[in-house]
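So the structure is just underneath, and the comments pick up after that.
Naming: A, B, ... by sequence-line order, numbering from 1 per chain.
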Amino acid sequence: MALRFYNTLSQRVEEFLPARDNTVRMYTCGPTVYDYAHIGNFRTFTFLDILRKWLRASGFRLDHVMNITDVDDKIIRNAVAQHKTLGDYTETYTKAFLEDCATLRLERAERLVRATAHIDDMVGAIERLGARDHTYTSDGSVYFRISTFPEYGKLSHNDFSGNLAGARVDVDEYEKADARDFALWKAPKEGEPFWPSAIGPGRPGWHIECSVMAIKYLGETLDIHAGGVDLIFPHHENEIAQSESLTGKPFARFWLHAEFLMVEGQKMSKSLGNYYTLRDLLDRGYQPEAIRYLLASAPYRKSLNFTFDGLKSSAIAIDRLRNFKLRLETDQYPEGVDEPLMARTAQASQAFSDSLDDDLNTAEALAAVFEYVRDANSAMDSGEFRAGNAAAALQFLGRFDSIFDVLRPTVASGEISDTEIDRRIAERTAAKKARNFALADQVRDQLLGQGIILEDTKSGVRWKRKSS
RNA sequence: GGCGCGGUAGCCAAGUGGUAAGGCAAAGGUCUGCAAAACCUUUAUUCGUCGGUUCGAUCCCGACCCGCGCCUCCA
């Protein structure tokens, strides 16, 4: 089945292929580094990670650019308040963001680009827009005049044609000709940092960085542009207006947007006390893999209800998969293959792919995996399972984990070593042989106290590190 | 008000015009020195409400109720 995505622009599911040379040129809106990122942010970034991995699994090469917005009103406000330079202030949160991404096993984009490293490019683009009469200057700030872009609203499917004439009362401190016009370049206010430039001193507006950096690195038409649904308007709409006014070409072929995350059935907000950063959850003892699993388990276009129950369920679900893998690796199977079981594995693998091909239906893909796990466990219990089946099952599990990436435990430093564990297990096995079950149980309990779970099986003892 | 998304078992959550995936939780059972793991059985005659189309609707249409997002910088 062919890969297809829901395209916000067309409001339909469309088959996806990159425009040229099998490389997907993708731009995604990264964080504004004024604070630690919260789990709502990571819902979107986890979706992007699954997207990346599935695109590669589908045989495409990736050229993915993600921006770091390191200049904006909040950053300036906080940096000024803390008597820090912009760079010093944003470095802290940029670093924190990259650490958080690593914790959640989110792949790094091929290129991470910072807005402040592209000021000249932005100024140049604003000048070119000015040369084509798309801009005007007011009080030293430069604005994009949206009445010069008739298609404005095509992404968010808003009809602005009736609103353009009568400008509303402006709540902004800046003077705009029309309420919908947006700033390309903002004149500095008292005490604010600014860049000198051919269009006067100031700093870039929010939207221009994405247009400029995307076009610079990926060309005039992207294959995919993605982000959270809240960016559809005005951010992405404005990007389209700028970019297409600049190039005369469609800015992006596919627009993908992740729905919002709820917390315990309510919207996440600081005032409700249900606002969590990744660090908050780790401090409470939740595993990164469980967080990743929960964020990835619902399809990206549905809002996801993030609950602490769900986090616990996710950890247990991961354990089920890890147990399965451990069993495949440690049990002894007779040589050969059972053909019906091979067919079952192939069928499950196909179902997994079909689900992800279908606009990244992760919930359905997981169902395919779990149904298979049950069937394979049954086959192992009944003795039908052969060595060849185990190899095929491990391969399928590997495919699953190359996308979901939750099977590898996050091991804390300072834990008991593998060799020490093996030594203790040998002790216990000897005790069991002597029918000294009291000693055997004592060893098992001691190991459990150190986070090691032992399991007696027909093929011998196997162990695993406790995950929750 | 405009645009968009959603309301499916105790919780999370897929899905299809033909009779409800999966995970977690709960109960019982098999296996086991005891555990653990695994497996089996049970748990929505029903998919927000009310109408309509249809031989048949959770899935299509209409109305209504509820929740969420965007509508000037929030993923």
Sugar-phosphate only, base, or nothing, as touched by A:Leu294 at under 4.0 Å among non-hydrogen atoms: nothing
Near-ring test A:Phe308/A:Tyr276, centroid separation under 6.0 angstrom: yes
Whole-Å distance separating the CD1 atom of A:Ile232 from the P atom of B:C70: 11 Å
Touch class at under 4.0 angstrom, heavy-atom based, for A:Pro31 against every strand present: nothing
Nearest-Å distance for atom pair CG/C1', residues A:Asp178 and B:U72: 11 Å
Sugar-phosphate, base or nothing in reach of A:Gly40, heavy atoms under 4.0 Å: base
A:Thr307: side-chain contact (heavy atoms from CB on, under 4.5 Å) partners, not counting sequence neighbours: A:Glu264, A:Asn305, A:Asp309
Residue list, side-chain contact (heavy atoms from CB on, under 4.5 Å) with A:Ser314, at least two apart or on another chain: A:Ala290, A:Tyr293, A:Leu294
No-H, no-angle donor-acceptor pair, A:Lys302 side chain to B:C68 base, under 3.5 Å: no
Spacing between A:Arg301 atom CZ and B:A14 atom C1', to the nearest angstrom: 14 Å
Sugar-phosphate, base or nothing in reach of A:Gln11, heavy atoms under 4.0 Å: sugar-phosphate
Ring center gap for A:Phe149 and A:His134 short of 6.0 angstrom: no
Among A:Leu304, A:Leu256, A:Thr362, the one residue meeting side-chain contact (heavy atoms from CB on, under 4.5 Å) with A:Phe47: A:Leu256
Nucleotide-resolved protein contact map, nucleotides 33-39 of chain B, B/S/- at heavy-atom distance under 4.0 Å: BBBBSSS
Sugar-phosphate, base or nothing in reach of A:Asp230, heavy atoms under 4.0 Å: base
Centroid-centroid under 6.0 Å between A:Phe45 and A:Phe97 rings: yes
Earlier contact from the 5' end, RNA chain B, for A:His157 and A:Glu371: A:His157
For RNA chain B, the residues among residues 47-55 of chain A that have a non-hydrogen atom under 4.0 Å from it: none
Which residues share a side-chain contact (heavy atoms from CB on, under 4.5 Å) with A:Arg374, sequence neighbours left out: A:Arg320, A:Glu371
A:Asn158 vs B:C3: side-chain N/O to OP1/OP2 distance below 4.0 Å: no
Touch class at under 4.0 angstrom, heavy-atom based, for A:His257 against every strand present: nothing
Interatomic distance where CG belongs to A:Leu261 and C1' belongs to B:A75 [whole Å]: 9 Å
5′-ward residue of the pair A:Glu364/A:Lys74 relative to RNA chain B: A:Glu364
Touch class at under 4.0 angstrom, heavy-atom based, for A:Ala258 against every strand present: nothing
Dot-bracket summary - RNA chain B, pairs being Watson-Crick or G-U whose distances fall under 3.5 Å, with | when paired to another strand: (((((((..(((.....[...))).(((((.......))))).....(((((..]....))))))))))))....
